[in-house]
Amino acid sequence: MRLILLGGPGAGKGTQAGFITQRYSIPQISTGDMLRAAVKAGTPLGKAAKQVMDRGDLVSDDIIIGLVKERIQAPDCANGFLFDGFPRTIPQAEAMAESGVDLDHVVELVVADSLIIDRMAGRRVHVASGRTYHITNNPPKVAGKDDATGEELVQRVDDQEETVKNRLAVYHKQTEPLVSYYSEWASSGDAHAPTVHRVNGLGTVEEVRDRIFTALG
Ligand code: AP5
Ligand code: ZN
């Protein structure tokens, strides 16, 4: 099973990714998590990406495409994978299509921009695993600590209101066109095209999870 989880900043991709990867026993490939790990480790990639990410802009297609192509060669991707936050531009989607990797499903999580600022302000993350919480909507068992490891939770640098606004603008301009790209491909009748599902991202985490599972069948 190969899936793309598409949606704006704070739509709940990371949160829902956990349920989907568990159900299908596939790894989550979050380009955001990969970049944050590189920033934390201080690698050349991390140094190049940090400023761009802190502004809420997109890292260059070449870097991202190279990163993902290498990642999907790993043995744990043999049964498929879930892309979280990739592809994010038409060139990234085209690179995947051209590499001959057929995708089964695209799930678009839809949440109005007006709700995103609150979700981001309350988000706390466990950097090492990418596990995500919200101080009121999805709190950890112990405040400020990751459920599995007990380690410290932090706020993301790019979750400040002004940066979130830029990320939303970048999403609408550069990533949202992917919805039409995949829908048009699907309606062309090409057997290689993935099925596109539009899922309402409002409601509790469990309600959204159930909608995704219903859509996937
Ligand atoms: P990335 O990490 O991918 O960020 P994003 O797409 O902006 O998405 P987020 O991680 O902010 O949100 P999410 O949808 O995962 O929501 P979450 O589940 O955490 O990318 C970061 C940066 O890296 C980019 O800006 C870019 O610079 C770079 N980058 C990454 N990939 C790239 C690519 N392919 N190309 C170029 N550059 C790239 O939920 C958010 C909050 O809401 C949490 O607190 C959560 O607990 C809460 N929540 C979740 N569900 C619900 C619910 N149903 N009700 C209430 N609250 C909820
Ligand atoms: Zn995320």
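Side-chain atoms are counted along with the backbone in the values below, which use heavy atoms only and exclude waters and symmetry mates. Both ligands and their constituent atoms are indexed starting at 1 by order of listing. Throughout, numbering of the chain's residues begins at 1 and tracks the sequence. Please read these numbers as outputs of a predicted model, since none were measured by experiment.
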Undergrad: To check your reading of the model: name the closest protein heavy atom to atom 56 (N) of ligand 1, its residue, and the distance in Å.
TA: Asn137 ND2, 3.0 Å
Undergrad: Atom 27 (O) of ligand 1: which of Val59, Asp57, Asp33 has the nearest heavy atom?
TA: Asp57
Undergrad: Check ligand 1 against Arg36 and write out every atom of the ligand that is under 4.0 Å from a heavy-atom position of the residue.
TA: 2 (O), 21 (C)
Undergrad: Do Arg124 and Val154 pass the side-chain contact (heavy atoms from CB on, under 4.5 Å) test, and can you show the C-alpha distance, the side-chain angles, and the key distance before you say yes or no?
TA: CA-CA 5 Å; Arg124 298 293 181 272; Val154 297; over 6 Å; no
Undergrad: Quick test of your reading of the structure: of Thr15, Val68, Val208, Val205, whose heavy atom lies closest to atom 39 (O) of ligand 1?
TA: Thr15
Undergrad: Against heavy atoms of Leu35, which atoms of ligand 1 measure under 4.0 Å?
TA: 23 (O), 28 (C), 29 (N), 30 (C), 38 (C)
Undergrad: Any idea which part of Asp61 is under 4.0 Å from ligand 1, heavy-atom wise: side chain, backbone, both or neither?
TA: neither
Undergrad: Write out the residue and atom name of the closest protein heavy atom to atom 31 (N) of ligand 1, then the distance separating them to 0.1 Å.
TA: Thr31 OG1, 2.7 Å
Undergrad: Show me which atoms of ligand 1 lie under 4.0 Å from any heavy atom of Thr204.
TA: 53 (N)
Undergrad: Which residue is it: Lys173, Met53, Arg88, Gln92? I am looking for the one with a side chain to side chain contact (heavy atoms under 4.5 Å, CB included) to Leu58.
TA: Arg88
Undergrad: With respect to atom 1 (P) of ligand 1, which of Arg167, Arg88, Lys13, Arg55 exhibits the smallest heavy-atom separation?
TA: Arg88
Undergrad: Measuring only between side-chain heavy atoms, which start at C-beta, is Tyr24 closer than 4.5 Å to Asn79?
TA: no
Undergrad: Going by ring-ring contact (aromatic ring centres under 6.0 Å, His included), name the residues that satisfy it together with Phe83, two or more places apart in sequence or in a different chain.
TA: Phe81, Phe86
Undergrad: Counting only heavy atoms not in Arg23, do more than 12 fall under 6.0 Å of its CZ?
TA: yes
Undergrad: Who's the nearest protein heavy-atom neighbour of atom 47 (C) of ligand 1, and how far?
TA: His134 CB, 4.0 Å
Undergrad: I'd like to know whether Val205 forms a side-chain contact (heavy atoms from CB on, under 4.5 Å) with Gln16, so could you lay out the CA-CA distance, the side-chain angles of the two residues, the decisive distance to 0.1 Å, and finally the verdict.
TA: CA-CA 8 Å; Val205 167; Gln16 296 298 330; 3.8 Å; yes
Undergrad: Checking a contact table here: which protein heavy atom is nearest atom 15 (O) of ligand 1, and how many Å away?
TA: Gly14 N, 2.8 Å
Undergrad: Starting from atom 54 (N) of ligand 1, what is the nearest protein heavy atom, named by residue and atom, and what distance separates them?
TA: Gly203 O, 3.3 Å
Undergrad: Counting heavy atoms only, which part of Arg156 comes closer than 4.0 Å to ligand 1: side chain, backbone, both or neither?
TA: side chain
Undergrad: Determine, for Arg2 against Asp104, whether the closest basic-nitrogen to carboxylate-oxygen distance falls under 4.0 angstrom.
TA: no
Undergrad: With a sphere of 6.0 Å drawn around CD of Gln51, does it hold more than 12 non-hydrogen atoms of other residues, nucleotides or ligands?
TA: no
Undergrad: Is Leu58 touching ligand 1 with its side chain, its backbone, both, or neither, if touching means heavy atoms under 4.0 Å apart?
TA: both
Undergrad: Whether the Tyr133 and Asp146 side chains hold a donor-acceptor pair (N or O, under 3.5 Å, no angle test) is what I'd like checked.
TA: yes
Undergrad: Considering only the protein, which heavy-atom contact is closest to atom 22 (C) of ligand 1, and what is its distance?
TA: Met53 CE, 3.9 Å
Undergrad: Please step through salt bridge (charged side-chain N to carboxylate O under 4.0 Å, His left out) for the pair Lys165 and Glu162, ending with a clear verdict.
TA: CA-CA 5 Å; Lys165 285 182 180 160; Glu162 284 314 305; 3.7 Å; yes
Undergrad: Atom CD1 in Ile116, atom CZ in Arg167: separation rounded to 0.5 Å?
TA: 9.5 Å
Undergrad: For Asp147 and His126, test the side chains for any donor-to-acceptor distance below 3.5 angstrom and give the result as yes or no.
TA: no
Undergrad: Give a yes/no verdict on whether any heavy atom in Met34 is under 4.0 Å from an atom of ligand 1.
TA: no
Undergrad: What part of Gln92, side chain, backbone, both or neither, has a heavy atom within less than 4.0 angstrom of ligand 1?
TA: side chain
Undergrad: Would you call Glu152 and Lys145 a salt bridge, using N to O less than 4.0 angstrom?
TA: yes
Undergrad: Going by the order shown, which atoms of ligand 1 are within less than 4.0 Å of some heavy atom of Met120?
TA: 11 (O)
Undergrad: Short list, please: which atoms of ligand 1 are under 4.0 Å from a heavy atom of Gly32?
TA: 1 (P), 2 (O), 20 (O), 30 (C), 31 (N)
Undergrad: So, 4.0 Å and heavy atoms of Gly10: is ligand 1 close enough to count as a contact?
TA: yes
Undergrad: Note the single closest protein heavy atom to atom 52 (C) of ligand 1, along with its residue, its atom name and the distance in Å.
TA: Arg119 NH2, 3.3 Å
Undergrad: Can you name the residues that form a salt bridge (Lys or Arg N to Asp or Glu O under 4.0 Å) with Arg123, not counting sequence neighbours?
TA: Asp159
Undergrad: Under 4.0 Å from a heavy atom of Gly85: which atoms of ligand 1 are those, numbered in the order shown and with their elements?
TA: 31 (N), 32 (C), 33 (C), 34 (N)
Undergrad: Short list, please: which atoms of ligand 1 are under 4.0 Å from a heavy atom of Gly8?
TA: 14 (O)
Undergrad: When rounded to the nearest 0.5 angstrom, what is the spacing between CG in Leu82 and CD1 in Ile26?
TA: 5.5 Å
Undergrad: Which residue and atom name correspond to the protein heavy atom nearest atom 19 (O) of ligand 1, and how close is it?
TA: Arg123 NH1, 2.7 Å
Undergrad: Select one of side chain, backbone, both or neither to describe which atoms of Tyr133 lie under 4.0 Å from any atom of ligand 1, heavy atoms only.
TA: backbone
Undergrad: Which one of Pro9, Gly12, Ala49 has a non-hydrogen atom at the shortest distance from atom 16 (O) of ligand 1?
TA: Gly12
